[in-house]
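Each remark here refers to the structure printed beneath this line.
First listed ligand is number 1; within each ligand, the first listed atom is number 1. No hydrogens, no waters, no symmetry mates; every other heavy atom, side chains included, goes into these values.
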Amino acid sequence: MSAQLLDGKFFASQIKEETRRKIEILKQQYDITPGLTVVIVGENPASQIYVANKHKTSLELGVNSQVIRLPEQVSKEELLTVIAGLNQDPAVHGILVQLPLPEHIKPYESEILEAIQPVKDVDGFHPVNVGKLATGQEELVPCTPHGCIRLLELADLPIKGKRAVVLGRSNIVGKPMFHLLLARHATVTVCHSRTQDLAAITREADILVAAIGKPKFVTGDMVKPGAVVIDVGINRVGDKKIVGDVDFDAVKEVASAITPVPGGVGVLTIAMLLYNTVKAAQIQHKVQV
Ligand code: GUN
């Protein structure tokens, strides 16, 4: 069997189109132009590419996009001052501090993310938004796991009643993915580096989400025949090549549907960021479109 290919670009373009329509309505009916500011510290090459893509897509959709570049050596206090200014700026509806932060301010990551006003937190990382997600009040939801859910929904792949297994327990993907699947009535297991007999658990999954950052970790024998496999991994191997957490060539013969890497979940993440920016603008202006 060869699995259905879940093309991220196809689904991302639907989400972007819907977002573009909302932006038009916000502009025409309410004179609101959603604004997004991305703050990037230092020169991490992968982050530079992500931020450039976010900026380009924002402009394409008509979002007022701004990138603030701070030097590698910036102090925690200086970064907090920049965030405080953005919190006060009514033209800025969404604030995103690109991760990872340089080593010297990494220990303050929580303090920095918590400095962003929850209503402007388009990453959905602030404890207020994490708490809302965990209590079933989805508002500003982390972009990558939310993109995975939208992909399942747009592809008409049912979640309710299914056994879902999430590989990885990060704050960015694994944990929010757990809450999103649970809220949609899946039976969810989260596995991680200390999980024993991992393959026995993954083989039970109707929906398997891999977000552990290990190239080609999920092999064909770890997947139940007919499962839906979502690969969140972006692993650089060698100079240029990018591979996922799933051994695509082997798993596509077992799964019923699978996301490729690249061209799968990655493109959905940016679409969901713009979706969140529009949502943040609606929350701040107390309007609904
Ligand atoms: N770095 C990698 N993924 C993300 C993300 O979703 N948000 C932020 N802020 N940084 C990231």
Side-chain angles (χ1 to χ4, degrees), residues 8 12 15 36-58 63 65-70 72 74 76 79-80 82-83 86-87 92-103 105-106 108-118 120-130 133 140-151 166 168-180 209-214 230-236 242 244-245 259 261-262 264-277 279-280:
I15 297 166
L36 170 66
T37 297
V38 174
V39 180
I40 178 165
V41 183
E43 302 293 331
N44 180 306
S47 292
Q48 298 286 340
I49 295 170
Y50 295 146
V51 168
N53 285 337
K54 286 169 185 172
H55 184 57
K56 180 169 159 266
T57 312
S58 300
V63 162
S65 173
Q66 175 185 215
V67 179
I68 297 180
R69 296 176 191 280
L70 300 174
E72 185 90 24
V74 78
K76 176 191 82 168
L79 179 52
L80 288 173
V82 168
I83 293 171
L86 296 170
N87 279 338
V92 175
H93 300 103
I95 304 168
L96 181 146
V97 176
Q98 185 68 27
L99 301 176
L101 289 165
E103 288 303 321
I105 41 176
K106 224 178 232 176
Y108 309 106
E109 185 180 292
S110 300
E111 187 180 340
I112 290 160
L113 296 178
E114 285 171 36
I116 298 170
Q117 263 196 67
K120 295 193 175 188
D121 168 37
V122 283
D123 257 329
F125 294 164
H126 192 287
V128 165
N129 289 319
V130 175
L133 174 60
L140 292 171
V141 172
C143 302
T144 300
H146 201 192
C148 296
I149 290 289
R150 292 294 290 133
L151 171 76
V166 178
R169 54 176 159 176
S170 70
N171 291 333
I172 295 183
V173 184
K175 286 182 205 157
M177 194 75 226
F178 164 78
H179 289 299
L180 289 164
V209 181
I212 40 170
K214 292 190 178 158
I230 308 286
D231 189 351
V232 182
I234 300 178
N235 307 292
R236 213 163 284 265
I242 304 273
D245 290 350
T259 60
V261 176
V265 169
V267 272
L268 285 158
T269 297
I270 296 183
M272 295 317 293
L273 173 64
L274 278 307
Y275 172 91
N276 272 356
T277 303
K279 184 127 191 204

*Side chain of Q48, backbone of G42: donor and acceptor closer than 3.5 Å?*
yes

*Under the side chain to side chain contact (heavy atoms under 4.5 Å, CB included) rule, what do L79 and L101 come out as? Steps first, then yes or no, please.*
CA-CA 11 Å; L79 179 52; L101 289 165; 4.2 Å; yes

*asked:* Donor-acceptor check, side chain of K76 to backbone of E111, threshold 3.5 angstrom: yes or no?
replied: no

*asked:* Main chain of C143, side chain of D123: is a donor-acceptor contact present, judged purely on distance under 3.5 Å?
replied: no

Polar pairs, ligand 1 vs protein, N/O only, below 3.5 Å.
{"residue": "ligand 1", "atom": "1 (N)", "partner": "Q98", "partner atom": "NE2", "Å": "3.3"}
{"residue": "ligand 1", "atom": "1 (N)", "partner": "L99", "partner atom": "O", "Å": "2.9"}
{"residue": "ligand 1", "atom": "7 (N)", "partner": "D123", "partner atom": "OD1", "Å": "3.0"}
{"residue": "ligand 1", "atom": "7 (N)", "partner": "D123", "partner atom": "OD2", "Å": "3.4"}
{"residue": "ligand 1", "atom": "9 (N)", "partner": "V97", "partner atom": "O", "Å": "2.8"}
{"residue": "ligand 1", "atom": "9 (N)", "partner": "D123", "partner atom": "OD2", "Å": "2.6"}
{"residue": "ligand 1", "atom": "10 (N)", "partner": "L99", "partner atom": "N", "Å": "3.0"}

*Using only heavy-atom distances, determine whether the side chains of H55 and S65 contain a donor-acceptor pair under 3.5 Å.*
yes

_Main-chain N/O of P100 paired with K106 side-chain donor or acceptor, under 3.5 Å_ = no

